[in-house]
Amino acid sequence: MNAQKALALEDFCKSLGHSFIRFDYTGCGVSEGEFKECTIGKWKKDVLSVLDTLSEGPQILVGSSMGGWLMLLAAIARPEKVAALVGVAPAVDHFVSVFNQLPLEERKVIEEKGEWKFTSKYSEEGFHCIPYSFIKEAENHCLLKSPVPITCPVRLIHGMKDEDVPWHVSVQISECILNADVDIILRKHGEHRMSEKDDIKLIVYTIDDLIDKLTTLG
C-alpha cells in the first residue's frame, strides 16, 4: 500500500475531494500474518472486510496484478458495493494457469514436495516459494473458464512488455465479463508493475474518466 501507484492515486483522489482507501493483504507489507499461510480466499476476505467495514456506498476498485484478480472476486461477491473496476496488469487465475502449463513430471515433483519454487526478479533472494496448497485453494477462485457476472464498467490497463502476465490475459478477462462496458488499454512499452511516471498518469486519467462517467450517470 506504500507503492508508487497507491500513493499517487491517493494524492489524486484527495485533490478532487474524494476519499481513498489503500491497504496491505494479510501477510503482505505491514499487515500481520505469514505469507506462506495465505490463500486467495483469505485475501478475498480481506477485500470484502475493507468494503464492508471501512467504505460507504459503491466504490471504484483498483487492483494491480494479483489485486486485479481479487477486485473481480470482490465485485462478484459485493456487486452493490462496486461502482467500477480498474485492473492494472490483472493476474487473474495466474498461478494456477502457469502451474498447469508446467510439464507433468515437474508438477508431480512440486506436489510431492508440497512447495513450488520459481525464479522471480521481485524477490531479494531471486526466487519465490509458494505452498502447493496455495495452488489447490486458488483453483476454487479461477474465473476465466466461464462467464464472469460483473455488470459495472471495467477498465483493464496492460503493458505489452509485461513478462509476468501477458497482455492477452486482459483480453481473456474482457471476453468473460458479461458487461459490454469493458475497455482494454494497452501500453506499448509498459512492463508488469506499470509504475513509470507515464504509466501512473494513464491510470489516473482512466480513473478520472470513470469518475466523470459515473457522476454523469448518477
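Model, not experiment: these values are computed from the prediction.
Residues L104 and V109 are members of separate hydrophobic clusters, defined by side-chain heavy-atom contacts under 4.5 angstrom among Ile, Leu, Val, Met, Phe, Trp and Tyr. Residues I76 and L178 do not share a hydrophobic cluster, clusters being chains of Ile/Leu/Val/Met/Phe/Trp/Tyr side chains in contact below 4.5 Å.
More than 12 heavy atoms of other shown residues, nucleotides or ligands fall within 6.0 angstrom of atom CD in E137. Summarising the local packing, CD of E56 is surrounded by 12 or fewer heavy atoms from other residues, nucleotides or ligands at distances under 6.0 Å. Enclosure of atom NZ in K81 by more than 12 non-hydrogen atoms of other residues, nucleotides or ligands within 6.0 angstrom is indicated. Heavy-atom contacts from other residues, nucleotides or ligands closer than 6.0 Å to OH of Y205 number 12 or fewer. More than 12 heavy atoms of other residues, nucleotides or ligands shown are found within 6.0 angstrom of CD on E115.
Looking at E111 and K108, no side-chain N of the basic residue comes within less than 4.0 Å of a carboxylate O on the acidic one, giving no salt bridge. A salt bridge links D52 and R78; the closest N-O separation between the charged side-chain nitrogens and carboxylate oxygens is under 4.0 Å.
In this structure the side chain of I157 reaches within 4.5 angstrom of the side chain of T206, judged on heavy atoms. At a threshold of 4.5 Å between non-hydrogen side-chain atoms, the residues R187 and D198 count as touching. Put simply, the side chain of P90 reaches to within 4.5 Å of the side chain of H158, judged on heavy atoms. Looking at I40 and M66, their side chains come closer than 4.5 Å, going by heavy atoms from C-beta outward.
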- Message: Using side chain to side chain contact (heavy atoms under 4.5 Å, CB included), reason through W116 and L102 one step at a time and then give a plain yes or no.
- Response: CA-CA 11 Å; W116 180 18; L102 297 174; 3.9 Å; yes
- Query: Can you list the steps and then say if E175 with L144 is a side chain to side chain contact (heavy atoms under 4.5 Å, CB included)?
  - Reply: CA-CA 9 Å; E175 290 171 345; L144 299 182; over 6 Å; no
- Item | side chain to side chain contact (heavy atoms under 4.5 Å, CB included) evaluation trace for L72 with I173 | CA-CA 10 Å; L72 291 177; I173 296 167; 4.0 Å; yes
- Item | CA sep, side-chain torsions, deciding dist, call: V169, Q172, side chain to side chain contact (heavy atoms under 4.5 Å, CB included) | CA-CA 5 Å; V169 172; Q172 278 183 277; 4.2 Å; yes
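The ring pair (Phe, Tyr, Trp, His ring centres under 6.0 Å) search around W167 returns none, not counting sequence neighbours. Considering only residues two or more places apart in sequence or on other chains, Y132 meets the ring pair (Phe, Tyr, Trp, His ring centres under 6.0 Å) condition with F99.
Judged purely by atom type and a 3.5 angstrom limit, H192 has no side-chain atom pairing as donor or acceptor with the backbone of S65. A donor-acceptor pair under 3.5 Å links the side-chain atoms of K5 to the main chain of R193, judged by distance alone. No donor-acceptor pair under 3.5 Å is formed between the side chain of D208 and the backbone N or O of V204. The backbone N or O of D46 lies less than 3.5 Å from no partner atom in the side chain of S49, so there is not a single donor-acceptor pair.
Atom CE of residue M194 and atom CG of residue D162 lie 9.0 Å apart, to the nearest 0.5 angstrom. Taken from OG1 in T215 to CG in L210, the straight-line distance is 10.0 Å, to the nearest 0.5 Å. Taking CG from L156 and CD1 from I177, the interatomic distance works out to 6.0 Å, rounded to the nearest 0.5 Å. With rounding to the nearest 0.5 angstrom, the CZ atom of R22 is 10.5 Å from the CG atom of L9. In this structure, K44 NZ and T39 OG1 are separated by 10.5 Å, a value rounded to the nearest 0.5 Å. Taking CD1 of I207 as the start and CG of L202 as the end, the distance is 10.0 Å to the nearest 0.5 Å.
Across all non-hydrogen atoms, the minimal contact from F95 to I130 is CE2-CD1, 3.4 Å. Considering every non-hydrogen atom in both L143 and C176, the closest pair reads O-SG, 4.4 Å. In terms of heavy atoms, K188 sits closest to M160 at O-CB, 3.6 Å. Between C152 and A84 the shortest heavy-atom distance is SG-CA, 3.9 Å. The heavy-atom pair separating A83 from P153 by the smallest distance is O-CD, 3.3 Å. Taking each heavy atom of C13 and F20 in turn, the nearest pair found is SG-CD1, 3.7 Å.
The side-chain contact (heavy atoms from CB on, under 4.5 Å) test with M71 singles out one residue from V62, L61, V82, and that residue is L61.
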